[in-house]
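Report on the structure given below.
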Amino acid sequence: MRLSRKAKGEYQVEVSKDYDPLKIEPKWQERWEELDVYRFDREDKKKPTYVIDTPPPYPSGEFHMGTALNWTYFDIVARYKRMRGFNVLFPQGWDCHGLPTEVQVEKSYGIRKGDLPPEKFRGLCVKLTEENIKHMRKEMNSLGFSIDWSTEYRTMDPDYYRRTQLSFVQLYKRDLIYRGEHPVNWCPRCETAIADAEVEYEDREAMLSYIKFKLHGENEYLTIATTRPEYLPACVVVAVYPGDKRYKKHVGKKLEVPPFGQVVGLIEDHEVDPEFGTGVVMVCTFGDKTDVRWVKRHKLPVVKLIDEKGKMSEAADKYAGLTLEECKRAIVDDLRKAGLLVKQEKLTQSVGACWRCETPVEILTKPQWFMRVLDLKDKVIEGAKRVRWVPEHMRRRLIDWAESMDWDWVISRQRIFATPIPAWYCTSCREPVVAEERQLPVNPAKVKPPVERCPKCGGESFEPEQDVLDTWMDSSITIAVHAGWPELDRRLFPADLQPNGTDIIRTWDYYLLVRHLALLGEAPYRTVLINGMVFGEDGRKMSKSLGNYVDTTVARGKYGTDALRQWAAIGASTGSDIPFSWKDVDFGYRFMRKFWNAARFAGPHLNARIAGLDPKKLKFRPVDRWILSRLNRLIEQVTGWLEDFQFNHALGAIQTFVWHELCDMYIEEVKHRLYGDDPTSDAARYALYHVMLTAAKLLAPFTPHFSEEVYQTHFAKDHPYPSVHVLSWPEVNKKFIDESAERAGELTNLIIGALRQFKSERKMALSRELPSVEIYASSREVAKRLKEVGDDIAGTMRVGKLSIKVGEPKLTERVLAVEPELAKLGPRLRADVKLIVQALREAKPEDLAKRLVKGKLKLRAGGKRFELAFEDVRVIKETVSAGRKVEVIDIQKPALTLLITSS
RNA sequence: GGGCCCGUGGUCUAGUGGUUAUGACGUCGCCUUGACAUGGCGAAGUUCCGGGGUUCGAAUCCCCGCGGGCCCA
């Protein structure tokens, strides 16, 4: 942009025709950082606070489009709330620990976790994490998120995991954390226990084997069906549905399990599906979660069949050391040879797999640490009911999840890159000793336990806990941590907003709720804001493997992040899944260019003098009052929608207002006043000034860079504020909301629209002058209102003489010609058509028309007689009013007739 | 198998009892007007997945069916 001095002494801003986001966005991102506009002011005790608990992303190095959607939602809220005068805490953290990084390290160095000393392995994980964070931080800044980086935290830092450990110690003291031996989900590849939330189910093809079990002491067999014959060595009982007629007589008898021949009982249980297979099921320890329930219910023994690496243990006898797959094949072969395999059939089965490496999960029993989440179930549900959910129906998902919990949460992991569990064991009696709070943060491998002797057996020798905590133990206390816990700042707790995607309600929202309820006794957030999943342009969930993946860098590479943010805001209603759409991004850019050009037009009229005018002294025309009224209604609506997180409605309303009401109508309607010596021109300038500045402010949460550029180019010179983002949100000025002005404006637009259409239909240039337009109104009221807006209509549409009358016009019709329909007559009359043409031309049109109305038109021509029907000719007429030819437009609601003299 | 959500012009989408059913993209026609032709004006196109019901009145509520999605088992 360049400033040049105009003759009148006012500055004219020469603004380029195109808005170039790729150049402008980085410029403002740097400037905002210099200005520190997003700083949360910890010292300020006056302003109300607004706390957004942003879910710390896993530093995978890549920023997914779904995360971009998520962040756009809460960035809009953060920016809006700042403008509303809140001291906004918008922190950014990183959920560093966990398997994916370990897996990535193992992959890139070609090692397994046990190949290096833990400290070294952890060092590689930290290094990788830091690199990934660097990438992601850069991308987040480029996406324009208003993050206060002074609040950045990393769960792998001692200051953070000190608090994770503190929460462990406190919950242990309250008996909400305990050590126990229970079945857990186990990933044999990652060699660790994992929580239910980390198990993902997918359909896989399996083989259902029908295997004969001999009835002990009889010469008869029962056939069971199983997909997991490798579990035969751990079969502890066989079960049928209660009262199943086929098997009733055998219940209570003993069976011999092939191929080892161990003898087990036959029991009844209602969880057996009599329709599946043969209706006889073997219960093993543990083929699946149902087995776990059966073992518990019927107090069955547990055989440890599988080891940590997924191999068969000694319990598998001659199959020991084989992998599950190898064992399955060997056993099936042996059964076949023994004639005990009846048949096999294919079956699609849902298999639980590790969320990270997709290895099928096994169920093992090992001593682990657990949190008593089952005891907190009612409190969690109660909490979920009290919180506000957007959209409302998402609450159901959390409640359903909480209700479906059937195991306590296993919080220990047999991994390395995670928060150490602050505990030791007595080497003689295995009694755990948990750290004192003052010791934290602690690595038990390097520090001695807080006691000299084992409180249980008096032993003096201890060994450190080697297990680590589930990463959700880190990230489920973020809200307390933001608020300074353990010194809790009540102004920052509970958080006002908890935003995340539908897919992590069961993890993120649930764990936050259960941990804070356990620690602090209250729900940690007031409102949960849910965003949907991002789909590819093909309508399927966006993922690299489906080939519909769009990187955020690519998505913002075309028209910048403000265009992309508009897609995020307007692509779907809040909570709905949203397909990525280039055309929405394109539209976002076109919208900005449209506004940019409107501002370019208005620019020379916007200055301090205009801003300072007293509206009471201005000669507003009805169109000015109309646009100001519409503007204030817009402020009211957009504010309401933002309070309700309805981003699509809010942005849609602003776009429609700017493009159609401001650009298409208002600006066109005031041009004629701005160029001449119109005494009302300052009123138009005043309206333009406020409409454009307010629109820029309303857009600031959605298109922060664009709004800033508009503000800096046209308004900053008259304002003491360094950025549009420190301005306050527009207030509704009720004085400008004016029902009758809106009706006058609508009437003006209605007539201008009709005249535009008229010109368009007649292929006239819109700038062509219409010498005269008469408007007949059906009522005095409408005529009166029309008189008020007559100058606006005439000025905008270039009407020479505009007159307004009450009543209906006196119109007569004049027949100009009666012309033959050659397409009809040609085929019928052949060469005689020429005679008809001649005859019609020679006769008087009025006369022909009269005869036609009576019926057939009889003609003599060239000595022949012809009869023409109505459809054989076209009657060309014109409308005449007071002796002049006019064209007529009829409008309904309100009933108006426009008579136009166009030539 | 369960819970929840959804099914609207060619495509995506707004719309929870009364609107000429919203908007965008696309299509077609016209217009260079002093911000924008990367623009403007206008047109065509859906009867709201199917069936049944409630109601004076349903895209909107209820039931059944079909199809899709998310989460879970």
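Everything quoted here is computed from the prediction, not taken from an experiment. Quick note on labels: first sequence line is chain A, next is B, and so on, each numbered from 1.
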D586(A) atom CG is separated from C12(B) atom P, nearest whole Å, by 17 Å

Give me the distance, rounded to whole Å, that separates G9(B) from U22(B) when you measure between the P atoms they each carry. 13 Å

Name all residues meeting the side-chain contact (heavy atoms from CB on, under 4.5 Å) criterion together with Y549(A); count only those two or more places apart in sequence or in a different chain, and write none if there are none. E62(A), H64(A), M542(A), K544(A), D551(A)

With sequence neighbours excluded, give me every salt bridge (Lys or Arg N to Asp or Glu O under 4.0 Å) pair touching residues 564-588 of chain A. D75(A)-R565(A), K558(A)-D586(A)

Taking atom C1' in both U8(B) and C48(B), compute the distance separating them and give it to the nearest angstrom. 4 Å

Nearest-0.5 Å distance, CZ of residue R685(A) to NE2 of residue H605(A): 6.0 Å

Which label fits F706(A) and Y19(A): parallel for a plane angle under 30°, tilted from 30 to 60°, or perpendicular past 60°? perpendicular

Please work out which of the three classes, parallel, tilted or perpendicular, describes the rings of Y666(A) and W626(A), given edges at 30° and 60°. tilted

Would you mind telling me which of G69(B), A35(B), A14(B) lies closest to the side-chain atoms of F601(A)? A35(B)

Base, sugar-phosphate, or nothing: which does W659(A) touch, judged by heavy atoms less than 4.0 Å apart? sugar-phosphate

Within this structure, what is the CG-to-P distance between D503(A) and C71(B), rounded to whole angstrom? 6 Å

Donor-acceptor pair under 3.5 Å, E668(A) side chain vs A35(B) base: yes

Looking at the side chain of F587(A), which of G69(B), A24(B), G34(B) is the nearest nucleotide? A24(B)

Nearest-nucleotide pick for Y675(A), side chain only, options being C12(B), G34(B), A14(B): G34(B)

Would you confirm whether T72(A), through its side chain, and A568(A), through its main-chain N or O, come within 3.5 Å as a donor-acceptor pair? no

What protein N or O atoms touch nucleotides 3-6 of chain B N or O atoms at under 3.5 angstrom, if any, and at what distances?
{"unit_1": "G3(B)", "atom_1": "O2'", "unit_2": "D400(A)", "atom_2": "OD2", "d": "2.3"}

Provide the distance between the two C1' atoms, one in A59(B) and one in U32(B), to the nearest whole Å. 42 Å

Atom CE of M405(A) and atom C1' of C71(B) are separated, to the nearest Å, by 15 Å

Residues that D644(A) engages under side chain to side chain donor-acceptor pair (under 3.5 Å), provided they are two or more places apart: R388(A)

Proximity to the side chain of R600(A) - top-ranked nucleotide from G15(B), C36(B), G34(B): C36(B)

At under 4.0 Å between heavy atoms, what does W401(A) touch on the DNA or RNA strands: base, sugar-phosphate, or nothing? sugar-phosphate

Closest of A35(B), A24(B), G40(B) to the K583(A) side chain is A24(B)

Heavy atoms from C-beta onward define the side chain here; which of C70(B), A35(B), A24(B) lies closest to that of H660(A)? A24(B)

Rounding to the closest angstrom, what is the interatomic distance between U60(B) and G3(B) at atom C1'? 23 Å

Rounded off to whole Å, could you give me the CD1-to-C1' distance for the I667(A) and G40(B) pair? 13 Å

Need the pair for U55(B). Rule: Watson-Crick or G-U wobble, both distances under 3.5 Å, any strand; none if unpaired. none

E345(A) meets the side chain to side chain donor-acceptor pair (under 3.5 Å) criterion, sequence neighbours left out, with Y210(A)

Tell me, please, which residues at least two apart from R397(A) pass salt bridge (charged side-chain N to carboxylate O under 4.0 Å, His left out). none

Can you find a side chain N or O atom of S573(A) that sits less than 4.0 Å from OP1 or OP2 on A14(B)? yes

Is there a Watson-Crick or G-U wobble partner for C30(B) with both distances under 3.5 Å, and if so, which one is it? G40(B)

Partner nucleotide, any strand, of C70(B) [Watson-Crick/G-U, under 3.5 Å]: G3(B)

How many whole angstroms separate atom CG of N597(A) from atom C1' of A37(B)? 12 Å

C1' atom, C49(B) versus C6(B): distance in rounded Å? 12 Å

Can you tell me how far P in G57(B) sits from the matching atom in U46(B), rounded to whole Å? 26 Å

